[in-house]
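Okay, structure first, notes after.
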Amino acid sequence: MSDYDIINTRAVRVDASDKVRGLALYVDDMKMPGMLYGALLQSPLAHAEIVGIDTSAALRLPGVKAVVTSKDAGLVKFGVSPARYDETVFCHDRVRHVGDNIAAVAAIDLDTAMEAVSLIKVEYRELPAVFTVEEAMAEGAPVLHEAYPRNVTAQVHDEFGDVEAAFAQCDLIKTGSLVNKRQDAAFIEPQGCIASFDFSGNLILYSSTQVPHYLQRIVAMVLGLPVGKVRVIKPYVGGGFGPKAATNHMELAACLLSMKSGKPVKMNFDRRQVFMHGRSRHQFFHTMTTGVKKDGTIMALKHECYLNGGAYSSFGIATVYYAGSLLGGPYKLPAMKYDGYRVFTNLPACGAQRGHGGVIARACWEQQLDMIADELGMDPIELRLKNMMTAGDMTCNYLDMSSLGMKECVEAVRDRSGWESKKGKLPPGKGIGMSCGFFVSGAGYPIYRSDTYHGTVIIKLTEDGGTALVYTASAEIGQGSDTAFAMIAAEAIGIPMECVRLESGDTDFGMDLGAYSSRQTLMTGLATKEAGEDIKRQVLEVLSEELHVPVEDMDIKKGLVVFKKETPDISGLRTRYIKEHRGWTDNPSLEEPLSFKEASRMAFLARGSIVGTGKYKPPVLGGGHKGAAVGTSPAYGCSAQVVELSVDEGTGKINIEKMTDAHDCGLAINRTSVESQMIGSLSMGLGEALYEEVKFDDKGRVLNDDLAEYKIPRALDMPDVDPVIIESNEPNGPFGAKEVGEGAIMPAIPAILNAVYDAIGVRVFELPLKPERVYMAIKEYKLKKEKER
Amino acid sequence: MKKLIRVTVNDVRYEVAVKPNQTLVDMIRYDLGLTGTKNGCGEGDCGACTVILDGTPVNSCLVLAMQADGRTITTIEGVEGEKGLHPLQKAFIEKGAVQCGFCTPGMVLSAKSVLDENPAPSEEEIREGISGNLCRCTGYLQIIDAVKSVGK
Amino acid sequence: MSLPEFDFHAPGSVDEACRMLAEYGPKAKIFAGGTDLMLDMRRRRILPENVISIPGIEELKTLDLSSGMLKIGSCVTIARIVKSKEVAGKWGALCAGGKALGSCLVRNLATVGGNIASARPAADLPPPLMVYGASLVLKKTSAERVVSIDHFFTGTGATVMAPDEILTEIRLSEPPPHSGAGYLNLGIRNACDINILNVASYVALDGPGGAIKDARIVMGCVAPTHVRVLSAENLLLGEKPSEALFERAGEAAMNAATPRGSAYSRASAEYKKDMVKELTVRTLGMALREALGPAS
């Protein structure tokens with residue numbers, strides 16, 4: 001089926017056995033001698049001036065070792081994008097949301113730390129707060145950050161092509177909207193960290209993070225330490241999905257407390273604090289106008305979006321760009337106008353979550369395309385196929401579709417779901433719907449402007465020649481990247497997986513931007529491949545010197561040296577190897593082919609440590625317009641999905657019965673992992689479509705800050721899924737590979753929206769589709785119909 | 001006031017001094033050092049802290065350590081036998097049922113309880129039996145597959 | 001977040017538990033399954049000085065059918081109710097209530113007594129227990145009394161229990177021939193959810209194919225306590241069951257429901273009212289099917 005020995009198979013994950021045995025260590029499983037426990041003091045108010053902070057009682061409590069406030073932390077601003085650094089470790093003059101950070105305590109145990117926190121007295125002067133986009137943008141509304149009048153933290157105004165001119169040529173112009181609710185990533189492991197500062201001035205921060213590199217930089221910048229003195233180590237991480245892709249205040253507080261106390265300090269969020277920290281999916285208010293010709297040709301899209309961003313910028317500037325730019329594909333769209341506004345409110349900040357910025361935009365548009373198909377009397381699949389881009393196309397906003405198996409995805413889900421025998425033919429209450437989606441395979445640019453490599457990888461052969469040690473600073477957070485890179489390294493060198501040992505998630509291992517924007521498979525993957533090829537080259541060079549065979553006439557495959565022409569006499573080399581291993585019972589016999597192990601031992605003897613290196617940075621991408629960087633990527637993954645469901649019209653309750661999903665991931669490095677990402681994405685999409693919303697009271701406090709009332713799917717909610725892998729061979733990816741982790745969520749919500757319409761004949765423009773919302777939509781529709789009669 | 005309790009965990013008998021307000025999960029993790037049992041929500045919603053208590057899977061965050069006095073507990077560390085991994089653990093590995101792994105210990109214990117009660121569970125019984133364990137990564141299907149493959 | 005500080009007691013008998021309750025007074029709290037209490041303590045909603053743990057008391061864990069009556073010890077877990085063939089056979093709606101409660105893990109800890117005594121308007125067991133006419137045994141050091149569950153709840157989290165009383169047993173008489181009951185709950189997800197609404201209905205027929213001689217309808221989540229809908233029940237009495245009749249009963253239940261809807265509640269008042277009707281009609285249908293027996 002494939003020419004590869006390792007990749008493109010269903011290799012077992014390298015971390016699975018530790019994980020099923022309960023041996024995998026997450027940060028809260030770790031303990032250090034003398035370790036203290038930290039706790040945060042967080043604001044109970046949504047918006048207030050800090051008049052005074054009195055920590056004296058806390059300091060007097062026995063067992064308390066350090067108390068820190070903004071006086072200790074300083075006021076260096078940080079955040080995600082340097083253009084919008086607007087947070088300090090601790091607030092000094094003002095709190096802007098419930099949960100904003102004021103102080104931290106380290107003590108001999110958590111109970112003492114918590115008690116000390118309760119003893120810190122803060123005097124507040126409460127300020128009027130704004131919680132909605134309308135409130136925040138109203139004339140005279142309180143402003144959260146003075147530099148941003150009307151609380152608009154970022155705005156985008158882009159036009160590609162001439163939208164009005166295109167509308168003039170259209171036969172049908174449709175306007176519609178969609179709004180979601182703020183969501184939560186609901187990873188099962190709350191954020192946690194241990195900071196350990198030693199007397200040589202070295203700081204080690206163990207953290208449940210997706211981005212060791214960015215965390216290292218921010219810690220160094222905020223605390224005034226040389227980057228080289230800060231080492232971030234990511235142990236196993238219990239899921240991230242976006243919110244762990246930025247530095248949090250607890251990490252910085254733990255570092256400060258450790259520096260002040262001279263002891264290691266552990267801190268954890270509890271589930272309540274996970275919600276108060278937020279940084280998950282924004283609430284988006286999309287309005288879109290799409291123009292098409294009678295034959296279904298899409299001509300133009302005019303799009304406006306408001307994002308309720310919470311109290312700080314976080315990823316928001318990127319989010320508001322993504323919300324527009326990711327609609328450039330996968331359909332041929334000659335003209336697109338986008339106006340986006342991200343707005344500050346006195347709620348926890350929103351950030352990035354799986355499918356960053358694009359998920360609700362995609363849902364809005366894909367529902368609108370279905371409505372257009374309906375009005376034109378076209379099958380929704382026909383409409384989509386008619387407008388589909390193919391590999392080599394460039395979107396109107398300069399996104400290069402270097403590979404695009406979109407058509408194949410659509411055909412796969414159409415055929416495998418039995419679409420043609422079901423669409424429009426199901427009994428009332430049952431529905432079928434479809435959607436497409438696409439996503440970046442890594443951001444074209446790092447978060448801070450730089451020519452930095454996005455990833456570097458080092459592979460070192462053990463001196464016996466038997467094992468390749470792979471070192472990468474990339475972040476395994478559950479998605480399976482360690483396994484993918486071990487596979488890529490093994491494939492590139494030509495050795496079995498068992499001969500590879502991989503360490504990751506440590507800033508000492510090199511440069512890697514981390515796990516976000518679905519970048520690692522492509523970017524870290526390319527660096528790993530290059531490092532593996534470097535190893536192979538070095539080993540073959542030594543062999544060439546020893547055997548007088550040109551390098552290009554040799555290869556390494558399955559752990560053996562392959563001579564493409566005639567096999568030279570290896571007996572001298574082998575005799576030397578065996579002599580070195582007197583007494584060993586596994587020495588090769590003279591007839592056996594030359595092994596990689598022997599060859600790399602020879603390489604070590606000739607050259608010392610054999611170290612291969614690899615690196616990757618994308619070429620210059622995108623157009624010249626402002627914000628062109630957001631949405632650019634060396635490659636784009638894409639997917640299509642068909643959902644079958646039933647709606648209980650008496651209660652409005654939706655039951656998802658079947659999902660058929662196809663995703664083009666270029667080439668699947670690990671087929672099982674690709675399917676895992678697809679099914680996991682669908683599950684998250686299902687939750688966001690049907691259940692998920694973070695609710696606040698009128699004081700800005702999260703009402704459902706637990707996993708009982710913030711509802712994610714359970715095992716009984718997940719339908720049968722038929723995952724289909726489409727492999728388009730991406731020229732810019734390692735062995736043709738590209739993303740799957742985020743793109744796969746894109747079609748889930750709109751496919752459900754479209755299937756609901758098919759089932760009940762009513763369109764719903766607000767998420768989540770909880771029973772009440774669907775029931776009320778049906779009720780209103782019936783009343784309207786009665787009146788019409 | 002701490003009180004000494006006796007508890008058998010994974011066939012090992014322990015005497016542990018625990019505080020009245022200490023939860024079973026904290027005792028297992030911090031006093032016994034068995035960190036395979038995870039703490040995900042502290043409120044009985046996620047199931048990451050699942051242990052088998054006198055033959056029944058429970059959220060150990062909802063049990064007080066003192067209530068475990070005289071009782072028998074199996075944690076994830078006690079699932080594998082002398083001959084190696086439990087068939088369920090092998091199946092989880094083979095079927096791709098593990099991603100971030102944070103829910104995995106609890107999930108394995110719930111699945112084990114399903115199979116201990118009924119060696120040939122239906123898919124519905126499997127789904128029901130693991131419905132107290134939240135997983136945000138996998139979408140559950142590969143976990144269900146793994147349990148099915150071990151059932152008869 | 002850790003738990004507040006308290007003293008822990010594990011009495012070996014009901015008598016000992018009663019003595020402790022009497023001794024420690026109102027600042028003591030009974031720990032049955034703990035699935036609610038642990039959350040309340042963690043969130044500092046309840047701060048007991050003494051926690052009296054009763055799930056280890058053997059006499060509270062009996063499930064007894066020997067007297068023709070179902071006697072459920074208050075510390076019988078929900079899981080045992082769900083798995084009991086006897087309960088499923090005669091008190092199917094109770095079994096359904098149990099299945100609707102929490103996740104399988106929670107059901108292994110949560111107790112029948114706890115689900116009643118915590119007096120939460122969204123609780124799953126009270127509606128079926130009320131339609132089956134359950135009575136509750138309350139004990140204290142000096143006395144024992146039996147009260148009808150109909151008169152047990154006085155408000156959200158409030159009951160007729162005195163601070164020194166313990167709920168020890170739940171008694172259900174065997175439903176008469178030609179009777180049946182149904183329970184439905186509505187949540188956002190397919191299972192393991194907190195109820196938006198729940199309804200139980202019960203009908204007893206005057207012989208096969210006969211008129212309705214007894215009816216009970218109980219709804220949850222529409223008031224501070226679970227409520228019986230007498231207007232709807234009365235409308236059914238003496239009538240031959242029919243879809244139209246059940247529809248009218250549903251309307252009556254809907255009109256009787258006065259849910260409080262706010263931006264923060266799980267659903268609007270309008271939706272809850274409509275669902276009262278829907279679930280009443282559906283549970284009455286379930287009750288009738290059971291009353292008519294498998295032949296129907």
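To find a chain, count down the sequence lines: A is the first, B the second, and so on, and within it residues start at 1.
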ask   = Where on V237(A) is there a heavy atom nearer than 4.5 Å to chain B: the side chain, the backbone, both, or neither?
value = backbone

message = Between L25(A) and chain B, with a heavy-atom cut-off of 4.5 Å, which part of the residue counts as in contact: side chain, backbone, both or neither?
response = side chain

query = For A708(A), is it the side chain, the backbone, both, or neither that has a heavy atom closer than 4.5 Å to a heavy atom of chain B?
reply = both

query = With no hydrogens and no angle check, do the side chains of S681(A) and R354(A) hold a donor and an acceptor under 3.5 Å apart?
reply = yes

key: Which portion of E43(B) sits near chain A, non-hydrogen atoms under 4.5 angstrom   = side chain

inquiry  = I need the residue from L682(A), V721(A), L23(A), D28(A) with the largest number of non-hydrogen atom pairs under 4.5 Å to chain B.
reply    = D28(A)

ask   = chain A heavy atoms under 4.5 Å from S131(B): which part of the residue, side chain, backbone, both or neither?
value = both

query = Counting distance only, does the side-chain N/O of K38(B) pair as donor-acceptor with the main-chain N or O of E189(A) below 3.5 Å?
reply = no

ask   = Contact part of R21(A) toward chain B, heavy-atom cut-off under 4.5 Å: side chain, backbone, both or neither?
value = both

request  = Measure distances from Q142(B) to the heavy atoms of chain A and classify the residue's part below 4.5 Å as side chain, backbone, both or neither.
outcome  = side chain

Heavy atoms from other residues, nucleotides or ligands near CD of E117(B) exceed 12 (cutoff 6.0 Å) = no

key: Residue D111(A) versus chain B: region with a heavy atom under 4.5 Å   = side chain

request  = Assign the ring pair Y26(A) / F102(B) to parallel, tilted or perpendicular, where the plane angle (0 to 90°) is split at 30° and 60°.
outcome  = perpendicular

request  = Answer yes or no: is there a donor N or O on one side and an acceptor on the other, between the side chain of N133(B) and the main chain of G47(B), under 3.5 Å?
outcome  = yes

Side chain / backbone / both / neither for E80(B) at chain A, heavy atoms under 4.5 Å = side chain

inquiry  = For L64(B), is there any backbone N or O sitting under 3.5 Å from a side-chain donor or acceptor partner on Q67(B)?
reply    = yes

Full working for side chain to side chain contact (heavy atoms under 4.5 Å, CB included) between E675(A) and R10(A) = CA-CA 10 Å; E675(A) 289 169 2; R10(A) 294 184 174 277; 2.7 Å; yes

inquiry  = With chain A as the partner, which of V98(B), L34(B), N39(B) has the greatest number of non-hydrogen pairs under 4.5 Å?
reply    = V98(B)

task = Identify, with sequence neighbours excluded, every residue that meets ring-ring contact (aromatic ring centres under 6.0 Å, His included) alongside F275(A).
result = Y710(A)

query = Looking at S683(A), S676(A), A16(A), which makes the most heavy-atom pairs under 4.5 Å with chain B?
reply = S676(A)

key: Which atoms of I126(B) approach chain A - backbone, side chain, both or neither, heavy atom under 4.5 Å   = neither

Pairs where residues 88-104 of chain B contributes a residue and the test salt bridge (charged side-chain N to carboxylate O under 4.0 Å, His left out) is met, not counting sequence neighbours = none

query = What part of I679(A) is in contact with chain B, defined as an atom under 4.5 angstrom from a non-hydrogen atom: side chain, backbone, both or neither?
reply = both

ask   = If you tally heavy-atom pairs under 4.5 Å against chain A, which of C41(B), G44(B), A97(B) wins?
value = C41(B)

ask   = Looking at T37(B), V63(B), N59(B), which one forms a side chain to side chain contact (heavy atoms under 4.5 Å, CB included) with V51(B)?
value = T37(B)

